[in-house]
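Notes for the one structure printed next.
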Amino acid sequence: MTGDVYKVIELVGTSTTSWEDAVKTVVDRATKTLRDLRIAEVKELDVRLDNGKIAEYRAKVRLSFKYEGESD
């Protein structure tokens, strides 16, 4: 059989600075424990408010990486 299989997970990153930094937080952390990351897709952006002001930027990111099953 030919072809590859990829696993998809979702992670949420946070930053007090920006959504871009929140996404970077996800990717930087994921590369420490996952191999062969292929795609990082931003699914949702939101903010956490504190007394009506932005306290934290949050990014929900879907990551895909090559699946290595037991036979690999």
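Note that the structure is predicted; figures quoted are calculated from it, not measured.
- Of all the heavy atoms in Phe65 and Arg35, the pair that sits closest is CB-O, 3.6 Å.
- Looking at residues two or more places apart in sequence or on another chain, you find a side-chain contact (heavy atoms from CB on, under 4.5 Å) between Ala59 and Ala22, Val23, Leu45, Val61.
- Residue pairs meeting the salt bridge (charged side-chain N to carboxylate O under 4.0 Å, His left out) criterion with at least one member in residues 2-18, sequence neighbours excluded, are Asp4-Lys66.
- Note on Leu34: it does not cluster hydrophobically with Val8, by side-chain heavy-atom contacts below 4.5 Å among ILVMFWY residues.
- Remark: Tyr57 engages Trp19, Val47, Ile54 in a side-chain contact (heavy atoms from CB on, under 4.5 Å) (not counting sequence neighbours).
- Closest heavy-atom contact between Ala55 and Thr16: O-CG2, 3.8 Å.
- Counting only residues at least two apart or in different chains, ring-ring contact (aromatic ring centres under 6.0 Å, His included) contacts with residues 20-54 are absent.
- Atoms CD and CG, on Glu56 and Asp46 in that order, are 9.0 Å from each other to the nearest 0.5 Å.
- For the side-chain contact (heavy atoms from CB on, under 4.5 Å) test, residues two or more places apart in sequence or in another chain that qualify with Arg29 are Lys32, Thr33.
- Nearest heavy-atom pair, Ser15 versus Asp21, reported as atom, atom and distance to 0.1 Å: OG-CB, 3.3 Å.
- Val12 and Val42 are not part of a single hydrophobic cluster, where members link through side-chain heavy atoms under 4.5 Å apart.
- The structure places CD of Glu41 at 4.5 Å from CZ of Arg62, a figure rounded to the nearest 0.5 Å.
- A search for side-chain contact (heavy atoms from CB on, under 4.5 Å) contacts involving Thr25 returns nothing, not counting sequence neighbours.
- Considering CD of Glu68 and CG of Asp36, their distance stands at 7.0 Å, rounded to 0.5 Å.
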